[in-house]
Protein chains: 2
Amino acid sequence: MITNVGDYLKSNDVKPSYQRIKILEFLMKSKDHPTVDTIYRNLISEIPTLSKTTVYNTLKLFIKKKITTAISIENSETRFDADMSVHGHFKCEKCDEVFDFDLDISNLKLDELKEYDIKQTHIYIRGICKNCKNV
Amino acid sequence: MITNVGDYLKSNDVKPSYQRIKILEFLMKSKDHPTVDTIYRNLISEIPTLSKTTVYNTLKLFIKKKITTAISIENSETRFDADMSVHGHFKCEKCDEVFDFDLDISNLKLDELKEYDIKQTHIYIRGICKNCKNV
DNA sequence: GTATCTGCAAAACATTTGCAATTCT
DNA sequence: AGAATTGCAAATGTTTTGCAGATAC
């Protein structure tokens, strides 16, 4: 459990600037895998001088430091997730929401990749979510 | 096994125009999940009047008709695949190639999604491929 | 002859880059 | 002061849109 975002950044070799702390705090409390634009729009009232460039820079840094992961699930905007555990993403084609789901990939047979160096495993499913299905 | 691409398009409710046939033929023989730009550049000598708009239009139609799938694996360009079977994609962070690998997802436990309507399952792995690892 | 398909040019977005101003120590 | 960070404005790259001309049945 992370108690202090500034210390958490420091422990990951990232200097905790005001913008970085606010962006990470927002990412950690978001459960909907926000885009750059969403992050920007949510923080601009609190940080009136914030620029999108800073959001881009910060997320690129977070990814490099493995604090955040980029989710490629649609071709338009990239989404971001501060939850680094392995879990799946479900994208509803109707409401466009992206949900997390737990996942046990331990018995995925990946014999073919034996000689490959695996860095990240991503699983995403597209379909219609529970809410949209019952409408 | 598909013997005639024109008939295959017809059977999927797509009128087999010259451009569509050539694009699908190229997609089917490509094993590297080409981008719009790659498809365009490979066909322009054979179809000098081809425009990228047509490539975009055609791929959008193919996806709608479930002849092709869009692979979201990087945030830049969308890649396309005419192989509609469930298989995984491995993206090498060094050489940027995307490889297919076989996959048995039958024992992926997806209890959480019981009430969801699953349309497509995508699995991609990022890392370093065999070739790049041994350099 | 009417529908559809194609392709050009322009527009719309997302993302990156160069650089100057600001901030932090 | 010096180094890193921020943010503006412009550039880049991908995808979409509007529309006119071409093509097919």
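Labels below follow one simple rule: chain letters A, B, ... track the order of the sequence lines, proteins then strands, and each chain is numbered from 1.
Scanning atom types as modelled, no donor and acceptor separated by under 3.5 angstrom connect the side chain of B:Ser51 and the base of C:dC8. With hydrogens and angles left out, the side chain of B:Thr53 and the base of C:dC8 share a donor-acceptor pair within 3.5 Å.
One N or O on the side chain of A:Ser17 and one on the backbone of A:Arg20 form a donor-acceptor pair closer than 3.5 Å.
In this structure, C:dA14 and D:dT12 make a Watson-Crick or G-U wobble pair, each of the two defining distances being under 3.5 angstrom. The partner of D:dT23 cannot be assigned: no Watson-Crick or G-U wobble pair with both contacts below 3.5 Å exists in any strand.
In this structure, B:Lys64 places its NZ atom 13 Å from C1' of C:dT4, rounding to the nearest Å. Atom pair B:Glu74:CD and C:dA14:P shows a separation of 18 Å (rounding to whole Å applied). Summarising the geometry, the separation between CG on B:Leu61 and C1' on D:dT16 is reported as 16 Å, rounded to the nearest angstrom. Following rounding to the nearest Å, B:Tyr18 (OH) and D:dA22 (C1') show an atom-to-atom distance of 16 Å. The separation between B:Lys60 atom NZ and D:dT14 atom P is 17 Å, rounded to whole Å. In this structure, CZ of B:Arg41 is placed 13 Å from C1' of D:dG13, rounded to the nearest angstrom. Rounded to whole angstrom, the span from the CD1 atom of A:Ile39 across to the P atom of C:dA14 amounts to 13 Å. In this structure, CD1 of A:Ile21 is placed 10 Å from P of D:dT6, rounded to the nearest angstrom.
Note on B:Tyr56: a side-chain N or O is less than 4.0 Å away from OP1 or OP2 of D:dT15. The shortest distance between the side-chain N/O atoms of B:Gln19 and the OP1/OP2 oxygens of C:dG7 is below 4.0 Å. For B:Lys52, no side-chain nitrogen or oxygen approaches OP1 or OP2 of D:dT16 to under 4.0 Å.
Position along DNA chain C of the nearest nucleotide to B:Lys15 versus B:Thr49 favours B:Lys15 as the more 5'-ward residue. Closest-nucleotide positions on DNA chain D for A:Thr58 and B:Asn57 were compared, and the one nearer the 5' end corresponds to A:Thr58.
B:Ser17 comes within 4.0 angstrom of sugar-phosphate atoms only, judged by non-hydrogen atoms across all strands, and of no base. Residue A:Thr35 is classed as having no contact, given no heavy-atom separation below 4.0 Å to the nucleic acid.
At least one test fails for A:Lys130 against the ring of B:Tyr116: distance under 6.0 Å to the centre or angle within 45° of the axis.
Checked against C:dT6, D:dT16, C:dA14, the side chain of A:Glu77 finds its nearest nucleotide in C:dA14. The side chain of A:Arg20 sits closest to D:dT5 out of C:dT15, D:dT5, D:dT14.
If you check the side chains of B:Asp37 and B:Thr35, you find no donor sitting under 3.5 Å from an acceptor. A donor-acceptor contact under 3.5 angstrom links the side chains of A:His87 and A:Asp100, judged on distance only.
Of the charged side-chain nitrogens involved, none lies within less than 4.0 Å of a carboxylate oxygen, so that A:Lys91 and A:Glu97 do not count as a salt-bridged pair. Residues A:Lys133 and B:Glu115 are not paired through a salt bridge, judged by the lack of any N-O separation under 4.0 Å between the basic side chain and the carboxylate.
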